[in-house]
Amino acid sequence: MTSSAWYGLLDHRYAQYRKLRAAKVGGMGTASRYAVVACACALICLLVWTAYAGRERLEMTGPQVQLGGNPLRAGSRKLVGEQSPEGARSEGEVGKEEKRAKKASNQKMLGEQQVPRLVQEEVQELSMAERQTHKEAFECDRHSPLTDVCTLQGDVRINVETGEIVLFARDPAILRGPLSVRPHPRKWDYNAMRDVTELRIRAMDAAASQEFPHWECTSHHRAPAAVFSAGGYCGGAFHDFNEVFLPLFQTVRQLARDVVLFVADLKGPWWWRGAPAADTLVGAMTKHRIRLLGQRNDTQGEAQGVQCFERVTIGLRHHLCMYDEFGGLETRSESLAGARLSDFGPFVAAGLRAEVPSPARVQVAEGSTPVVGIVQRRGTRVLANFEAMLASAEAAGYRAVALVLEELRPQEAVRALRQLDVLVAVHGAGLANLALLRPGAVVMQILPYGEWGKGRLVGREYRNLADLQGAKYLEWHVPLQDTSLVDAYPLTDPVLMDPDSVWREQHTVAAMRIYHQQNVSMPEDMFGAYLRHIKKDLVFKEKLRAESADMTM
Ligand SMILES: *[C@@H]1O[C@H](CO)[C@@H](O)[C@H](O)[C@H]1NC(C)=O
Ligand SMILES: *[C@@H]1O[C@H](CO)[C@@H](O)[C@H](O)[C@H]1NC(C)=O
């Protein structure tokens with residue numbers, strides 16, 4: 001599977017979901033969802049410079065959602081504060097008394113800290129007094145179109161090798177299961193989910209726990225656990241970000257890294273890029289060692305046995321989704337996520353000790369030298385005039401950084417991206433890294449010939465991500481004279497003369513295969529001109545900010 005192969009299966013995979021949804025909510029106008037702004041200029045150019053829509057737009061560099069009053073976050077800070085001195089290092093056995101006391105206080109706080117609406121509603125059915133004494137829970141939220149999430153609270157044990165998860169419950173009302181959960185946020189996608197381990201979870205009678213010696217705890221943890229699968233299409237930046245990094249961030253962010261991660265279906269060292277697990281974007285989200293579900297040994301080669309917790313979340317919540325096949329209403333909402341995408345970069349940078357001295361949001365004062373990163377790919381969609389573009393950027397008054405993302409270790413990539421004011425890249429999975437930019441940055445996506453135009457879905461996921469990120473988004477549409485496709489096809493071929501018909505008549509995957517196989521260039525004088533333009537705008541924005549700060553004084 002190529003990293004964006006999901007488009008191809010879009011139609012038949014979504015058809016059923018759409019029908020269901022239409023029946024339920026009365027249809028959302030699929031056509032309008034897919035409607036893409038048609039390109040007026042046929043060959044040269046077209047820049048979508050959203051920022052020029054007006055002053056408000058310029059000022060809207062942060063997410064629109066106010067999260068300041070989110071009780072969930074307040075609750076979680078408390079949890080971290082109370083646990084931090086030794087809780088952070090409690091991988092081993094802890095005294096039973098101590099454990100019980102801790103358990104009571106934790107559960108009280110954990111109860112306040114649940115993010116998802118639906119689970120929250122279930123909790124709200126309990127009175128406050130009940131909630132404080134209620135120490136066991138077994139809740140599954142299967143309402144999201146993307147993901148199922150189950151939360152087990154009490155004496156929860158994970159057999160790491162088999163992937164079985166049991167809550168030993170004292171309360172007979174809790175007894176349940178076994179239930180199946182596939183902990184991966186593509187549940188509508190049969191093709192992806194075939195590659196995702198089905199976990200069996202259940203609640204058994206605590207009184208009978210001695211009858212199951214193989215369920216004896218190898219170690220007790222004070223930190224909660226999160227269990228997820230890195231199967232499906234994971235293995236390339238787009239799906240890694242969309243299906244793991246962002247939902248994981250949403251799910252564990254408020255735990256301040258005091259969470260034990262269990263990963264199923266890890267196919268290869270794809271977060272590693274040669275780095276130890278702890279130095280990856282997933283490693284950045286926990287201070288504990290990452291555990292591999294379905295394997296006898298963990299990432300450090302030690303036997304994992306039965307790991308015991310007071311709270312385990314199975315599956316990742318996902319409201320920071322890049323694509324918008326579900327209308328983007330439930331699936332891309334920072335308020336539902338309880339987390340802002342613009343906090344993702346600082347969060348992982350801190351976890352990787354990759355913070356940079358640059359200001360938290362992009363600032364380009366008059367006379368300063370902004371930094372532009374130009375991504376070069378290997379193999380396909382290579383920028384043929386890359387060197388000339390770098391030179392042109394320098395000439396436009398920028399410091400130009402060449403980025404070959406797959407050759408950087410995660411720490412280096414995070415550090416590099418957090419220093420950029422402008423990111424330029426040809427369409428491709430590496431653009432998902434824009435989630436790491438600082439708010440206020442500018443993203444320029446270069447769409448190869450044939451990949452822009454009426455009805456294409458190509459590239460929209462990154463525009464969505466940029467919007468969420470508070471970044472400004474531009475597109476450059478590569479014209480016919482700047483693609484290597486002219487060497488591969490006769491000029492009369494529909495691939496060159498009528499891309500619309502190719503997309504209409506071919507299966508999306510087939511069309512994508514054709515148009516992904518090209519190298520492109522962006523005329524460097526044009527590139528320089530746009531960079532000058534962008535620089536002026538960034539300075540202008542800075543001024544605006546200074547003025548509005550004056551006004552509030
Ligand atoms: C797994 O762990 C056991 C016990 O610690 C050890 O003997 C064995 O060599 C390990 N296997 C691998 C593949 O690391
Ligand atoms: C694109 O450029 C790369 C690197 O220069 C080269 O290996 C590849 O053959 C080129 N592909 C096409 C379709 O021109």
Side-chain angles (χ1 to χ4, degrees), residues 1-5 7-8 39 42-46 235-238 270 273-274 372-394 400-409 412-413 416-417 423-434 443-453 456-459 462 475-503 505-528 530-531:
M1 272 288 170
T2 63
S3 54
S4 15
Y7 281 126
C39 171
L43 287 182
I44 287 247
C45 109
L46 170 52
F238 175 77
W270 51 275
R273 288 182 189 161
V372 57
I374 310 177
V375 177
Q376 180 63 309
R377 293 171 51 95
R378 297 274 182 246
T380 64
R381 284 164 280 152
V382 172
L383 276 167
N385 64 334
F386 186 64
E387 295 298 330
M389 286 177 73
L390 288 173
S392 178
E394 298 272 351
V401 182
L403 292 172
V404 183
L405 289 169
E406 56 270 46
E407 289 173 7
L408 296 178
R409 290 156 61 97
E412 297 168 325
L417 288 153
L423 175 72
V424 179
V426 180
H427 170 71
L431 262 173
N433 284 288
L434 76 83
V443 178
M444 187 192 289
Q445 174 166 222
I446 298 174
L447 284 176
Y449 184 74
E451 302 211 354
W452 45 268
R456 311 283 198 285
L457 293 167
V458 178
Y462 304 122
E475 265 172 30
W476 173 261
H477 293 183
V478 172
L480 186 59
Q481 65 263 34
D482 292 332
T483 167
S484 68
L485 287 174
V486 292
D487 304 325
Y489 294 87
L491 261 179
T492 51
D493 196 287
V495 167
L496 298 182
M497 291 322 294
D498 194 4
D500 286 352
S501 76
V502 176
W503 285 87
E505 283 154 28
Q506 301 259 14
H507 192 269
T508 313
V509 167
M512 200 173 276
R513 207 167 281 142
I514 291 168
Y515 289 108
H516 274 7
Q517 299 299 319
Q518 61 178 304
N519 292 344
V520 301
S521 56
M522 177 173 177
E524 52 271 15
D525 50 346
M526 189 78 79
F527 181 55
Y530 278 116
L531 283 183

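As the structure lists them, so they are numbered: ligands from 1, and atoms in each ligand from 1. Nothing here was measured: the structure is a model prediction, and the numbers come from that model. This chain uses plain numbering: 1 for the first residue, then up along the sequence.
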With a 4.5 Å limit on heavy-atom distance, are the side chains of [X] and [Y] in contact?
{"X": "F527", "Y": "N385", "value": "no"}
{"X": "Y489", "Y": "I514", "value": "yes"}
{"X": "L403", "Y": "N433", "value": "no"}
{"X": "L423", "Y": "L431", "value": "yes"}

Practice item. Write out the residue and atom name of the closest protein heavy atom to atom 13 (C) of ligand 2, then the distance separating them to 0.1 Å. Key: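 Answer for atom 13 (C) of ligand 2: S484 OG, 3.8 Å.
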
Check your understanding: What residue and atom, counting heavy atoms only, is the protein's closest point to atom 4 (C) of ligand 2, and at what distance?
Key ->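 Heavy-atom neighbour on the protein nearest atom 4 (C) of ligand 2: V382 CG2, 4.2 Å.
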
**Study point:** Heavy-atom gap G379 to ligand 2 smaller than 4.0 Å
**Key:**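 Contact present.
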
Review point. Mind checking what makes salt bridge (Lys or Arg N to Asp or Glu O under 4.0 Å) contact with D500, not counting sequence neighbours?
Key: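 Salt bridge (Lys or Arg N to Asp or Glu O under 4.0 Å) check on D500 returns R456.
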
Check your understanding: Has ligand 2 got any nitrogen or oxygen that is less than 3.5 angstrom from a nitrogen or oxygen of N519?
Key ->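 Right, the criterion is met.
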
Review point. Is atom 11 (N) of ligand 2 close to the protein, meaning a heavy atom under 4.0 Å from it?
Key: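 So far as the 4.0 Å threshold goes, atom 11 (N) of ligand 2 is in reach of a protein heavy atom.
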
